[in-house]
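This report refers to the structure that appears directly beneath it.
In this text, all values refer to a predicted model and were calculated from it rather than measured experimentally.
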Amino acid sequence: MSQQRSATVTALTIAGSDPSGGAGIQADMKAMSALGAYAMSVITALTAQSTRGVAGVHAVPVDFVRLQMDTLLEDIVPDATKIGMLATVELTDAVGEYLPGLTHTVLDPVMVATSGDRLLDEQAVGAVRRLCAKADLITPNLYEAAVLLGEEPAATLGELRSQARRLRELGARRVLIKGGHLTGGADNSGDVDDAIDIYVDADAVEILHGRRVATSNTHGTGCTLSSAIASLRPRRATWLEAVRDAKNYLTGAIEHADALGIGHGHGPVHHFYRAGTITGW
């Protein structure tokens, strides 16, 4: 891999494609671009999906994923990399071979779509667990964290914190569990009004609060957050700072999602809300 230096932050997404544009590499590249990074992509899978759900998944042959990676890295070494949908054991293990040579790597262990459709086969779960130890940061949601641990999803803030710590004990360097689906309070005695995430690293456990937005248009939120973190990290002093700023960006994208009016299911978030309306730039 040839090294190069540029004033432009380059961010790579290694993930699956979403024809509706709300999740996957399309969402990743929108988030990266909106936050000022030059976005690049290596496609691991094709999906047939819309805002209503996933109709099918076609994994890209491993050799061709390797060819995409090798060809790109011979020319451009990204400043940050987000890894999303990997679909199979073979793809997961192949991508894992590249992580030691990359910096600022964020793994979003994509397993289930917002619609509830499964995006990862059962055999690949173990491979994703191995990959978690190679990434700089992992960003599972409530249900993905439970699958990685072989446990039930956290129902309280205390359980969420404990699961984040256990993921660290399994080898993850830094963990951000997205608790947007959490409904129980700290002791399961009440609703959570905020969208709460838990960040854990070797030094601290941080509870991150954000505004909970009443909308069903949340397609691609996980993809967007992980890509935002990756694109911001090279320009932030710490991972926690990048995580906080990315969470703020995502909250705004969700708040403006209803203005898009895309699709008839779970619509996408508004990645470019800071630039104005899509039709009125």
Side-chain angles (χ1 to χ4, degrees), residues 10-35 37-51 54 56-62 64-73 76 78-99 102 104-115 117-121 124-125 127-128 131-132 134-141 144 148 176 178 218-233 246 250 253 268-269 271:
T10 55
L12 169 64
T13 168
I14 306 170
S17 172
D18 172 10
S20 76
I25 59 165
Q26 287 84 352
D28 296 342
M29 297 184 80
K30 288 174 184 177
M32 291 169 174
S33 299
L35 292 171
Y38 179 79
M40 306 174 291
S41 67
V42 165
I43 301 174
T44 58
L46 307 178
T47 70
Q49 72 174 293
S50 68
T51 63
V54 179
V57 175
H58 176 72
V60 174
V62 174
F64 196 74
V65 171
R66 289 184 186 277
L67 183 59
Q68 291 180 75
M69 290 291 297
D70 292 341
T71 304
L72 173 65
L73 296 176
I76 306 168
D79 296 308
T81 300
K82 172 262 172 79
I83 304 101
M85 179 184 178
L86 296 174
T88 68
V89 173
E90 293 77 16
L91 282 170
T92 304
D93 287 341
V95 169
E97 295 171 11
Y98 291 89
L99 261 64
L102 299 171
H104 300 139
T105 54
V106 179
L107 170 62
D108 185 21
V110 177
M111 297 177 182
V112 182
T114 300
S115 59
D117 295 294
R118 188 95 182 187
L119 296 173
L120 185 76
D121 67 33
V125 173
V128 172
L131 196 62
C132 285
K134 296 182 178 182
D136 292 316
L137 170 70
I138 65 171
T139 63
N141 63 27
E144 290 158 348
L148 289 171
L176 176 70
K178 299 168 290 190
T218 55
H219 186 50
T221 49
C223 302
T224 298
L225 179 63
S226 54
S227 298
I229 295 169
S231 62
L232 288 171
R233 179 61 184 91
L250 176 61
V269 302
H271 296 91

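- Nearest heavy atoms, Pro78 versus Met40: CB-CE, 3.8 Å.
- Between His271 and Gly22 the shortest heavy-atom distance is CE1-O, 4.2 Å.
- A pairwise comparison of heavy atoms in Ala31 and Ala228 identifies CB-N, 4.5 Å as the closest pair.
- Looking only at distances, no side-chain donor or acceptor of Asp136 sits under 3.5 Å from a matching main-chain atom of Val106.
- Nearest heavy atom pair, residue Ser17 against residue Thr47, reads O-OG1, 2.6 Å.
- Rounded to the nearest 0.5 angstrom, Leu250 CG and Thr221 OG1 are separated by 6.0 Å.
- Between the side chain of Lys134 and the backbone N or O of Thr105 there is no donor-acceptor pair closer than 3.5 Å.
- For the atom pair OG1 of Thr224 and CD1 of Ile229, the computed distance is 11.0 Å after rounding to the nearest 0.5 Å.
- Taking 4.5 Å as the limit, some side-chain heavy atom of Asp108 sits within range of a side-chain heavy atom of Glu144.
- Side chains of Asp79 and Tyr38: a donor-acceptor N/O pair is absent below 3.5 angstrom, by distance only.
- Using a 4.5 Å cut-off on side-chain heavy atoms (C-beta onward), Cys223 and Gln26 make no contact.
- In this structure, the separation between CG on Leu102 and CD1 on Ile14 is 6.5 Å, given to the nearest 0.5 Å.
- Panel note: side chain Gln68, backbone Val42; no donor-acceptor pair is recorded below 3.5 Å.
- Taking 4.5 Å as the limit, every side-chain heavy atom of Met69 sits out of range of all side-chain heavy atoms of Glu97.
- Atoms NZ and CG, on Lys30 and Leu35 in that order, are 14.0 Å from each other to the nearest 0.5 Å.
- Under the 4.5 Å side-chain criterion, counting only non-hydrogen atoms from C-beta, Met85 is not in contact with Asp18.
- Taking CG of Leu232 as the reference point, atom CE of Met32 lies at 10.5 Å (rounded to 0.5 Å).
- Two residues are said to be in side-chain contact when any heavy atoms from C-beta on lie closer than 4.5 Å; Leu99 and Leu107 fail this criterion.
- Annotation: side chain of Thr139 is not in contact with side chain of Leu225 (no heavy-atom distance under 4.5 Å).
- Separation of atoms CD1 (Ile83) and OG (Ser227) is listed at 10.0 Å; rounding is to 0.5 Å.
- When all heavy atoms of Ser226 and Lys82 are compared, the pair lying nearest together is OG-NZ, 2.8 Å.
- Shortest non-hydrogen contact noted between Gly16 and Thr44 is N-OG1, 3.5 Å.
- In this structure, the side chains of Tyr98 and Leu73 come closer than 4.5 Å at one or more pairs of heavy atoms.
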